[in-house]
There are 2 protein chains.
Amino acid sequence: MGRKRTKSGKIRLAEVAELAGVSPITASRFFRNPEALSVAKRTRVESAAKELGYVPNLAARALASQRTEVIGVLIPSLTNNVFSDVLRGIYDASESSRYSIQLSNTRYSILQEEKLLRLFLAQKPAGLIVTGIDQTAESRAMLDAADCPIVQIMEIGPNPVDMMIGFSHYDAARAAIAHLFAQGHRKIGFVGARMDPRVQRRLDGYVSAMKDAGLFEQRLVVTTATPTSVTLGAALFTDLLAQEPGMDAVFCANDDLALGVLFECRRREIAIPEQIAIVGFNDLEFMASTVPTLSSVRTNRYEMGNTAAAMLIEAIDGRRPQHPVLDLGFKVIERQSSSARRSDNRPAVSGAGAANKLVALPSGHD
Amino acid sequence: MGRKRTKSGKIRLAEVAELAGVSPITASRFFRNPEALSVAKRTRVESAAKELGYVPNLAARALASQRTEVIGVLIPSLTNNVFSDVLRGIYDASESSRYSIQLSNTRYSILQEEKLLRLFLAQKPAGLIVTGIDQTAESRAMLDAADCPIVQIMEIGPNPVDMMIGFSHYDAARAAIAHLFAQGHRKIGFVGARMDPRVQRRLDGYVSAMKDAGLFEQRLVVTTATPTSVTLGAALFTDLLAQEPGMDAVFCANDDLALGVLFECRRREIAIPEQIAIVGFNDLEFMASTVPTLSSVRTNRYEMGNTAAAMLIEAIDGRRPQHPVLDLGFKVIERQSSSARRSDNRPAVSGAGAANKLVALPSGHD
DNA sequence: AGGAACGTTGACAGCGCTACCAGCACAGAC
DNA sequence: GTCTGTGCTGGTAGCGCTGTCAACGTTCCT
């Protein structure tokens, strides 16, 4: 039952150099910049390293070179589906590089974020990915002073710290409401949970669209700080219905809530979309499979993470992108739940947003 | 637009020691084992460190001490909800410790796992968390020879490498089928996707339970190697229905598939549970909110990750748990989708599995 | 009183690697 | 033939920290 106790049969760079008949420093160069070696020595070191099964000691490398090959990632939640897609993108992009990911969870607290940032920065990361644009002043100062490339993800806004990739949650919400208007809906409710800054901006977009049409009423909105869930969607919708029974559509700040609303409608025998239309946000996979299928605003989460990491790595290696701010856009996906014609399963797409378009400046609203 | 260029205002341990009027080694001890210092020096070093804003250099520490404070985690997927819960547990447990998590994704490939393992081990991690019990012989040899504590998570089985925490997927599946038998169902189908080793063992459990009852038929089973999704659940169920129209229940290898089956039933106007009962696996949050509510086998995913990391940290610090193998059990949660009485929303619980019970030996079957 | 035992402290010597700079050989320019 | 430039290579000197061991003072025991 006792744990093993193997001696560390460590192969050092010096051993490799000796076997290859070169100096340690030449062997070292082989691993960092092979082109700098003559072909003869290069192959000698290569085969020596392989023969000995040499693996560089990262700690020694970091100490000697005064920099690490770690990319710090700060995200607010590990639970949220949205972030698991983003993370997958980040990890996929990092795998083919020599950088490793160091992940930390801010739990939607900008104070926690500040603390973690301080911790990260002290270890001199090669790069940093942070979520959103709502850092504390202190955090912002640290980021500005940081000696490494930084990407802000999830949304775009003014004054990027460095690079930025995301989309306008405000515009996305407005597009969703515009779609519902186009389908003839007027009394459109809003259901939101967690109310992090991005959800807040979706609410702002909803409010502005409704106000523009002269249709905004406070009692059309139900929100909570509670973390989102399907069950919560049903509960919030119940509240909303009590406040405003005459509602003809609901815009949900995310898809879990929308699914909860769908089931609550079923429970109450409310016909979708005849009596109430539903539009969600994010377009998770299941939205296309529900009955009726659920409309949503598609966001490019995997691509966001993947591109962020790729941009960051390019920047670390000295190749800064021409367009440091990238708007990945969004798309309103119309399905049965918001189709006046009840179009069976045929997902009509009403495009919006600058999908995949490079923009030099953020398309933010504030 | 150019990136910042701040000089690295670094505070070294020597500076702290000087300000505190002690030798560097004493200051060093303060950070590793404060109890070893006299109270006077302890407070002197503490305030000196705070005054200078000292942050230890982890690379130097790792190099000098020949060990890192990194816990390696190997999981097969970042997409799967199941793993996001486990991960959350791991991160939560690690946050209060001095260890940091290094995560890698094996993508359900044991060859990839072997490669990553080699990489990890070369950096002398403080501990390792690996998924499952199906490593390659080579991986197994490396794990056995590893000089650090190791926890295998997600399931339990014979011959643990070191510690192990999980539950028997085989028993869990058998319990689900027993529940369906108890409700009077006989022609019970099985729907499975991805078919990783754990899903395979659920299938094995299903097959054995059905065979025990003399009810097994090959055409009651539909599986695919494709990654799981709600849409896939609907598709697989459609295939199953074509193979065996007389089915009266379906056991789904996970909840996403179960949700897909629910919607496919709705599409085909099949009454749940009157015509077909459904039982899922994992008991994700939404299962309690669907219409009808969906039965499932509850697994303790967060706890699994959390306890695994906690056990590992204890073991790293030299306090090995008395019971290195921990069976977290499972619970069949009966809801409307498999209740003969169509009990409204009241989640009757038919217990099974050694929930939260410590067992010295794995309760595995193979 | 002598000695063992303990708690506390510091000197020394690296951990394995890379930054920096010097040096060498060779090619081409004058 | 000398000079300069280029490409490749190696020596030296740490990076910031900790393991080991010795030394010190104090207490407690016999």
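Computed from heavy atoms alone, side chains included, the values below leave out hydrogens, waters and symmetry copies. In what follows, every chain begins at residue 1, and chains take the letters A, B, ... in the order their sequences are listed.
Not a single salt bridge (charged side-chain N to carboxylate O under 4.0 Å, His left out) links A:E18 to another residue, sequence neighbours left out. Under the side-chain hydrogen bond (donor to acceptor under 3.5 Å, both in side chains) criterion, A:R32 pairs with A:S28, sequence neighbours left out. A search for side-chain hydrogen bond (donor to acceptor under 3.5 Å, both in side chains) contacts involving A:Y54 returns nothing, not counting sequence neighbours.
In this structure, A:R32 places its CZ atom 8 Å from C1' of C:dC17, rounding to the nearest Å. For B:Q123 and C:dC17, the CD to C1' distance is 13 Å, given to the nearest whole Å. Between the P atom of C:dA13 and the CG atom of B:L63 lies a distance of 18 Å, rounded to the nearest Å. With rounding to whole Å, A:F31 atom CZ is found 9 Å from C:dC17 atom P.
For the pair A:R67 and A:R12, nearest-nucleotide mapping onto DNA chain C gives the more 5' position to A:R12.
Of the charged side-chain nitrogens involved, none lies within less than 4.0 Å of a carboxylate oxygen, so that A:E35 and A:R29 do not count as a salt-bridged pair. Under 4.0 Å is where a charged nitrogen must lie from a carboxylate oxygen, and between B:E46 and B:K41 no such pair does. A salt bridge links B:R320 to B:D162: at least one charged side-chain nitrogen sits closer than 4.0 Å to a carboxylate oxygen. Taking a cutoff of 4.0 Å between a charged side-chain nitrogen and a carboxylate oxygen, B:E114 and B:R118 qualify as a salt bridge.
By the 4.5 Å heavy-atom criterion applied to side chains, B:M164 and B:L326 are not counted as neighbours.
Contact annotation: A:R61 side-chain N/O to C:dG16 OP1/OP2 distance is not under 4.0 Å.
Distance alone, capped at 3.5 Å, places no donor-acceptor pair between the B:R140 side chain and the B:Q135 backbone. Looking only at distances, no side-chain donor or acceptor of B:E113 sits under 3.5 Å from a matching main-chain atom of B:R107.
B:Y54 comes within contact range of the sugar-phosphate backbone alone, with a heavy-atom separation under 4.0 Å but no base atom that close.
Taking a heavy-atom distance under 4.0 Å as the criterion, the stretch of DNA chain D touched by chain B extends 5' to 3' from D:dG16 to D:dG19.
When the C1' atoms of four end pairs are superposed on the next four at each end of the helix from C:dA1-D:dT30 to C:dC30-D:dG1, using five pairs per end, the two resulting axes differ in direction by 40°, to 10°.
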Could you walk me through whether A:L103 and A:Y91 pass the side chain to side chain contact (heavy atoms under 4.5 Å, CB included) test, one step at a time? CA-CA 10 Å; A:L103 183 65; A:Y91 273 95; 4.2 Å; yes
Give every pair of a protein N or O atom and an N or O atom of nucleotides 6-10 of chain C that lie under 3.5 Å apart, one pair per line with the distance.
residue	atom	partner	partner atom	Å
C:dT9	OP1	B:S38	OG	2.8
C:dT9	OP2	B:S38	N	3.1
C:dG10	OP2	B:S23	N	3.1
C:dG10	OP2	B:S23	OG	3.0
C:dG10	OP2	B:T26	OG1	2.5
C:dG10	O5'	B:S23	OG	3.4
C:dG10	N7	B:R29	NH2	2.7

